[in-house]
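Before any comments, here is the structure.
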Amino acid sequence: MNGKSIYTSVIMAGFGGQGLMFIGKLLAYSAMKRGLHVTWIPSYGPEMRGGTANCTVVVSSEPIGSPVIQKPESLIVMNNPSLEAFEPRLKAGGLLFLNADLVTRPATRTDINVIALPANDEAVRVGEHRAANMVVFGAYVARGGILSRDDVAAGLSGLFGEKAASKLEVNMKAFDAGVKYAQAAPARA
Amino acid sequence: MNGKSIYTSVIMAGFGGQGLMFIGKLLAYSAMKRGLHVTWIPSYGPEMRGGTANCTVVVSSEPIGSPVIQKPESLIVMNNPSLEAFEPRLKAGGLLFLNADLVTRPATRTDINVIALPANDEAVRVGEHRAANMVVFGAYVARGGILSRDDVAAGLSGLFGEKAASKLEVNMKAFDAGVKYAQAAPARA
Amino acid sequence: MNTEAQEMERIFERPRALRSATTHYCPGCGHGITHRLVAEVIDELGIRETIVGVAPVGCSVLMYNYFDIDMFEASHGRAPAIATGFKRARPDLPVFTYQGDGDLAAIGIAETIHAAARGEKFTTIFINNATYGMTGGQMAPTTLVGQKTATSPTGRNCETAGYPIKVCEMLATLDAPSYIARVSVSSAKHVLKAKQAISKAFQLQLKGFPYTFVEVLSPCPTDWHMTPQEAVEWLEENMFPQYPLGEVKAPKEGV
Amino acid sequence: MNTEAQEMERIFERPRALRSATTHYCPGCGHGITHRLVAEVIDELGIRETIVGVAPVGCSVLMYNYFDIDMFEASHGRAPAIATGFKRARPDLPVFTYQGDGDLAAIGIAETIHAAARGEKFTTIFINNATYGMTGGQMAPTTLVGQKTATSPTGRNCETAGYPIKVCEMLATLDAPSYIARVSVSSAKHVLKAKQAISKAFQLQLKGFPYTFVEVLSPCPTDWHMTPQEAVEWLEENMFPQYPLGEVKAPKEGV
Amino acid sequence: MEKLFMTGNEAIAEAAVRAGCRYYFGYPITPQNEIPEYMVKRLPEVGGVFLQAESEIASIFMVYGAAGSGARVMTSSASPGISLKQEGISYIAAAELPCVIVNMMRGGPGLGGIQPSQSDYFQATKGGGHGDYHLFVLAPATVQEAADLCLEAFDIADRYRNPVMILGDGVLGQMMEPVSFQDRRPAADLPEKTWALTGTKGRAANVVKTLNLDPSVLEKHNLKLQEKYKRMAKEEVRVECYQVDDAEIVIAAYGTVARIAKTAIQALREKGIKAGLVRPITLYPFPYKTFADIAPKVRKILTVEMSLGQMVEDVRLAVGDKTEVCFFGRCGGIVPGYEEIVVEVEKLTAKVAR
Amino acid sequence: MEKLFMTGNEAIAEAAVRAGCRYYFGYPITPQNEIPEYMVKRLPEVGGVFLQAESEIASIFMVYGAAGSGARVMTSSASPGISLKQEGISYIAAAELPCVIVNMMRGGPGLGGIQPSQSDYFQATKGGGHGDYHLFVLAPATVQEAADLCLEAFDIADRYRNPVMILGDGVLGQMMEPVSFQDRRPAADLPEKTWALTGTKGRAANVVKTLNLDPSVLEKHNLKLQEKYKRMAKEEVRVECYQVDDAEIVIAAYGTVARIAKTAIQALREKGIKAGLVRPITLYPFPYKTFADIAPKVRKILTVEMSLGQMVEDVRLAVGDKTEVCFFGRCGGIVPGYEEIVVEVEKLTAKVAR
Amino acid sequence: MSESKTQKKPKRARIAIDEHFCKGCGLCVDNCPQHIISISGTVATSGYYPAQCPDPENKCTGCTLCARICPDVAIEVFKAKKVDGGAH
Amino acid sequence: MSESKTQKKPKRARIAIDEHFCKGCGLCVDNCPQHIISISGTVATSGYYPAQCPDPENKCTGCTLCARICPDVAIEVFKAKKVDGGAH
Ligand SMILES: Cc1ncc(C[n+]2csc(CCOP(=O)(O)OP(=O)(O)O)c2C)c(N)n1
Ligand SMILES: Cc1ncc(C[n+]2csc(CCOP(=O)(O)OP(=O)(O)O)c2C)c(N)n1
Ligand code: SF4
Ligand code: SF4
Ligand code: SF4
Ligand code: SF4
Ligand code: SF4
Ligand code: SF4
Ligand SMILES: [Mg+2]
Ligand SMILES: [Mg+2]
């Protein structure tokens, strides 16, 4: 809203099991730890069977009105049906993050910024094939400008609990890969 | 209410099986056949088990408001508990008909007219021990002044249907016994 | 008389758990007999001050006016759910439901089956009088084929209204119930056996056994349109063949 | 290829009663198999244009999107009541309900038992997947002892949650049902038998026999948290002992 | 026409049969048992089916099933039983299945009592079930009117594809009054039931359902229902005005209480108090306009109910601040005597005079 | 205090446990399954009991049973499941048993959908069951408030011996937000539960019942309940007024919609339109007075709901003719965007300007 | 019916029927093995014709069967105390 | 595995798997007595990895077991027509 305040909204969508709910919670949780207002809301119900799953996160310095967002500022998309469903809803000028390894068709809108990255490949490269979500998340955080790397690391260990130091490490590696990618990739205007 | 119009209300109460519901219906039905407005409403529900049963009849030349009457103009009582329950509700100056064979205590109010008659005895005398209800009904009709004997006879055959001519006859005999009794009996003021 | 009284001792009297109140039941009604049996068992087991009962909706809805114990009034059919909720909160107290056949076998069959399947640790006394007593004698799930009721005026027709449910046998297909028995209160002899079964059910509950269930074949002279004598005869002649008496299920170990 | 095709005839294809639609079922779900069996039987009996189905609330709530027949959507558990109401109004049409174990054995057990006790002349296909599929895998009345679900996270504890209900055996205590069988769709071999049972149930209905019932043991890989392969193995290993396959009740006269 | 002498329950049952109702599903409960007990004898005479269900829940879904076949069908119960039907009623309203549901109200809440009451007004008119739906609610005051409205109820149900409730009470159900029946066929202009399930022969498959997982589709369905309710409100409001023209005080009452109020009004007029009655016959759609029109002309409106104040809210919604709306109620099974109403009105007019 | 990150469902469950709730009975239904799934793990930790019932009907009567022991107990469900509980709710209200009932509303009627909705307002506030009773109804708008109100709900239930409903929707239930919990013991001044069933030892027998065959006794009981509702209305009304002081137009909204309305109000004020919000937190007792007081000062009230118009009636009852009450609603699972509310208010203010 | 049978024995037992509770159902009449209970011809204040057991011939054995079948707990049974060499 | 077994026979039968319906559950794989069905390594537009049955050795017998277990009616089975002296 006004200059100094923070407000951002993002929808993350893909198949169930791709870890989108998790990175949504990670975003919200890390931001909460920073003292920000956050909401996270999942899609729910039987449409999850075989279809797409998604969640919406809002981060704000002020109390949050609706956790349900018609036109999010960013979009993370991990499969074709999700691109179909959500591309039209992205705010004009918004950021679209694509896992290019799974999303096989290009975005059609021209009034948005698309960051496409080979998240699966990157995940395999860092040694955890299930961490494609963290790769995309890295890119998102890098471009979103709300969280620092430390925020995310703190958030991760908060969510994982003490015992999972190794898990933390590989996930942060994937995150870093995403960050790097986002910084390098030219955003298509 | 006004002079020419007809309006009367009566509660009939006793044990279940004493035929009070029946004479209530007979009154209402006969009056209906005369072209009058009538309502009949029974007590209902589990209090009938072992307790008292009663019905309320209203006959009127005008459409009837409440079929439920707080202070009836007449009362027919066939057992002690009913006297207990309903005597206080009789309108001042109203008529109380008692089956003296079963109601063993006297009425206590002094602002009402009591017609006590040995209905069981009379019924046995006319040859139908179950017709005590008709004896009391005869007394009621005789004092009530709304129905004629023919009205009642017509009502009875309407309710009984064709086949029960003999039943009709003995019931009318019981009725007549009641009429006679009522005409003879001095009403205690 | 005076001297005689001194020499006599009272060997049968109103149980403590029953109030000295006239019931609203019709003459010859099996509810009265069964009430007394339950009350006697409560007395004998010394649990009047701990037991909690659940009354059904049916002729026995007012049974809390007769029993001098803590009681719930249930909604129609839901006594087992109420007993479950209560017993889960107070596993230390003995609990029983008392239910008619409309209540238990029609509207409340789901609650009964599931309480039984879960092995809830209360006792159910099930009054099978083959009709809906309270509402004026309509057909119950236990009404016999051919039996006339207010809603089967020409007799229960199995083609359109099906067959009576044998609740004991149905519950016996479940693993959890520890005791299931069917008794009758149609004669003094049967009353004695009925009391034994009721007592066994309560005793098992006190020992921690799951779900115990006693079905009581019970006359309803009023809605059967019979004298009390005719009613008990009709019961033995017609209900006994359909509803065999005896223990359908009992723990191996005796009580 | 072209010439080859000319020489080949299609011996297995999508039944006419099933629309050419992708279902929303998870990979390896038994609902899909059972749908096809029911559709094949409908085709084979030539009743696609007369039959009316009743869908439950559960994973198969949308089955009317897949079957090309007239259908009701029920409320949760009430399919038997709806089928009863419909069949009473249209005794000339074949009718079936299709219900999950939460739907039929939990919330709807009363409606099932009473439709069966009355001998309503419709067929019930009962999908026993030992869980509430649609709502995310909670404990069902058919969940096995020890089975982990969302509401029995440490495994169903028989002390607090009781034992699974054997619906076929319970219904078999009733007089009216004419056919009660339990089958499985865990392998092609069992699928063949399942179809026979379903066909028999429908055929009996068409001949005027009362209440016919087929329980189908059915994998739910998603809520069992297994692969489809693991699911069918788990089913055969664990559900078969608890739920023996076979005809529990059938008319004396063969069909 | 021949006058029969019948209870309200029986008259409703007979009227239903004459309206073409052939299927009845119900579960016993006082004070409406005369309906099933009449139906069990009467329906077989006309080739219909009576079935006593295992519960009120089963009954209402049997109605759902039979109504889905396109048949005319009815159920009846009383207060606690009607509460159990709320899920089913919401489904029937959602699926737009025509049927008739009778509630012979008794005292609540809970098991309450079995004597007459009007304390289910909110439940009947605002929707005791979940979601934005409405029953069409008819409130007869006499046995004759019960019969007449029941005859119409089936047409209304078919016309709007909506469940219709006949809202009576123990007095109406148990009371006997003279009644005569018109023979009445379904109205000629009723929509054909192309949605009914009859087997797919010769057409695409029909589905009777209420689920719409897509919110925009579900919203559209709700808006369609809402349109229908508006249409009802435009076309179907029924209300009786009795001695209202010169009235200074108007009683608002329905059903049993309304007839008692008439006696009260006669008594009041004999005392020189100009009282009148507005009697909603349709409780939903409610005669808001009648009340709104009358409000500026009267000093006060006294709503009288056998409840502790339910319809009074609709009366107040109708009249806003245009007149004072007062309330008098008895409950728990007590039927107010006309004398009490007279006293109540006198109190109000006394205050007015001050 | 430590902030946890929880769904509304979980927060309610945790708050209940902290409020001393030890018994939970429920049946799965979307979108509230996180409550039972939380309780099944949490209650055994504190010596409590979780039990999945065979149905919503069984659940509500298990609540009746456990509440009758004097324990703190809760159930939860969503719209169709709550409809099934109506008979039980009426019984619990009649028997004056304290308990907490959660309804996470979804689109109706019928099976409807599983997405958020507010279309059970009438059912919750006017009484979906039979008889003259009322639930105490709380409508939290945030996860934190859900936790806070749930903590209080058990005290309110005990204080008034009345069932308390927490009325949320799919958004509130599914959404995660930061939340912190006070540890809260039952208030010190709560009445002792001398009516509870515990065995008769040392006292006369207690009965938990709702039947009163004698109408005058039943009426008395109803009047007693009514007294209690009046007491609640006097003592317990909760309402939030947001930017109302200088407002020309006020939005009336509760729960999820209210928080969206706040965003709309911020946007409107940036555009120079003086909008405010009145947010009822207790839906019953309803903050009639707040609305009545505000009415003369504002040009219009816009009621916004995720339904097709239910609370709007209470708002109209509150304000009478003192100001115009308009309505905007989405339904069927559609959560209105704040932008839509802005547009709607702009339309109204444009008309005002004319 | 033989002389010896009707000969008066000492009273071993007796029952007391409470007219206030008795509804005259007659079940005790049918269940008494000694056939010594009958229904009175006089109506009680309850409205029912109560059972009575005058037992002039002291036939009552105190078997309690009448009491056990009585639905209205109207019957109490008394039995002669065994005379032993005890404290009395 | 023996020479004779893997020797190519004439095609008696074949199946067609519709990728649009197949969800890659693998039940057909397990139920094929000839073990000739496998899961493809290429994702289909549905998002699933569908089953495939290249059957280069013409082992398919047309037993239909794969089709009968398939929860998604993704399989059609074709069988060579018996060559008789008929109209063809
Ligand atoms: C929900 C509900 N439905 C129906 C009733 C009416 N009703 C009261 S008792 C009863 C049946 C009683 O029969 P049963 O359970 O067999 O008990 P009995 O009177 O025979 O002992 C019915 C249907 C009710 N009170 N509540
Ligand atoms: C009255 C009501 N209660 C609960 C639900 C939620 N619900 C939907 S499906 C379901 C259970 C499904 O399980 P099951 O019947 O076994 O079918 P499955 O999905 O396993 O095939 C439940 C509890 C509902 N829709 N309506
Ligand atoms: S109606 Fe039947 S069950 Fe009820 S009290 Fe009378 S005899 Fe007993
Ligand atoms: S959740 Fe289970 S039952 Fe439902 S579709 Fe998936 S596998 Fe089938
Ligand atoms: S105690 Fe025995 S012998 Fe004596 S009266 Fe009773 S039944 Fe007869
Ligand atoms: S059994 Fe009891 S109630 Fe019946 S007659 Fe004998 S003493 Fe009286
Ligand atoms: S038809 Fe038989 S042999 Fe051929 S692929 Fe299918 S299962 Fe294998
Ligand atoms: S069984 Fe069907 S869905 Fe499963 S892999 Fe084989 S073809 Fe695909
Ligand atoms: Mg019974
Ligand atoms: Mg299931």
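We name chains A, B, ... by the order of the sequence lines, and we start the count at 1 in each one.
For E/Ile60, no part lies near chain D; criterion is any non-hydrogen pair under 4.5 Å. The parts of D/Arg48 that come within reach of chain E are both its backbone and its side chain, each placing non-hydrogen atoms under 4.5 angstrom from that chain. In this structure, no portion of E/Ser59 lies under 4.5 Å from any heavy atom of chain D. Contacts of D/Ala74 with chain E are made by backbone atoms alone, with heavy-atom separations under 4.5 Å and no side-chain atom involved. Looking at D/Val54, neither its backbone nor its side chain comes within 4.5 Å of chain E, counting heavy atoms on both sides. Contact annotation for E/Val207: both backbone and side-chain heavy atoms come within less than 4.5 Å of a heavy atom of chain D. Proximity to chain D (any heavy atom under 4.5 Å) is shown, for E/Tyr64, by both the backbone and the side chain. Using a 4.5 Å cut-off between heavy atoms, E/Arg203 contacts chain D through its side chain alone, with no backbone atom that close. Contacts of D/Thr50 with chain E are made by backbone atoms alone, with heavy-atom separations under 4.5 Å and no side-chain atom involved. When heavy atoms are compared at a cutoff of 4.5 Å, E/Ala196 approaches chain D solely by way of its backbone atoms N, CA, C and O. Looking at D/Arg88, the atoms closer than 4.5 Å to chain E (heavy atoms on both sides) sit in the backbone and in the side chain alike. Interface residue D/Leu62: only side-chain heavy atoms are found under 4.5 Å from chain E.
The heavy-atom pair separating D/Ala89 from E/Tyr23 by the smallest distance is O-OH, 3.4 Å. Pairing each heavy atom of D/Glu49 with each of E/Gly202, the nearest pair is OE2-N, 4.3 Å. E/Phe25 approaches D/Gly85 most closely through the heavy-atom pair CZ-CA, 3.8 Å. The two residues D/Ala110 and E/Glu54 make their nearest non-hydrogen contact at O-OE2, 3.8 Å.
Side-chain atoms of D/Tyr64 and E/Leu211, non-hydrogen and from C-beta on, do get closer than 4.5 Å to each other. A heavy-atom distance below 4.5 Å is not found between the side chains of D/His24 and E/Leu213.
Atoms CD1 and OG1, from D/Ile47 and E/Thr200 in turn, are 11.0 Å apart once rounded to the nearest 0.5 Å. Interatomic distance, CZ of D/Phe86 versus OG1 of E/Thr198, reported as 7.5 Å (0.5 Å rounding).
Options D/Arg118, D/Lys87, D/Arg90 differ in how many heavy-atom pairs under 4.5 Å they form with chain E, and the most are formed by D/Arg118. Heavy-atom pairs under 4.5 Å with chain E were tallied for D/Asp68, D/Val95, D/Val52, D/Ile69; the largest tally goes to D/Ile69.
Atom CD of E/Glu192 sits in a sparse spot, with 12 or fewer heavy atoms from other residues, nucleotides or ligands closer than 6.0 Å.
Panel note: side chain D/Asp70, backbone E/Asn206; a donor-acceptor pair is recorded below 3.5 Å.
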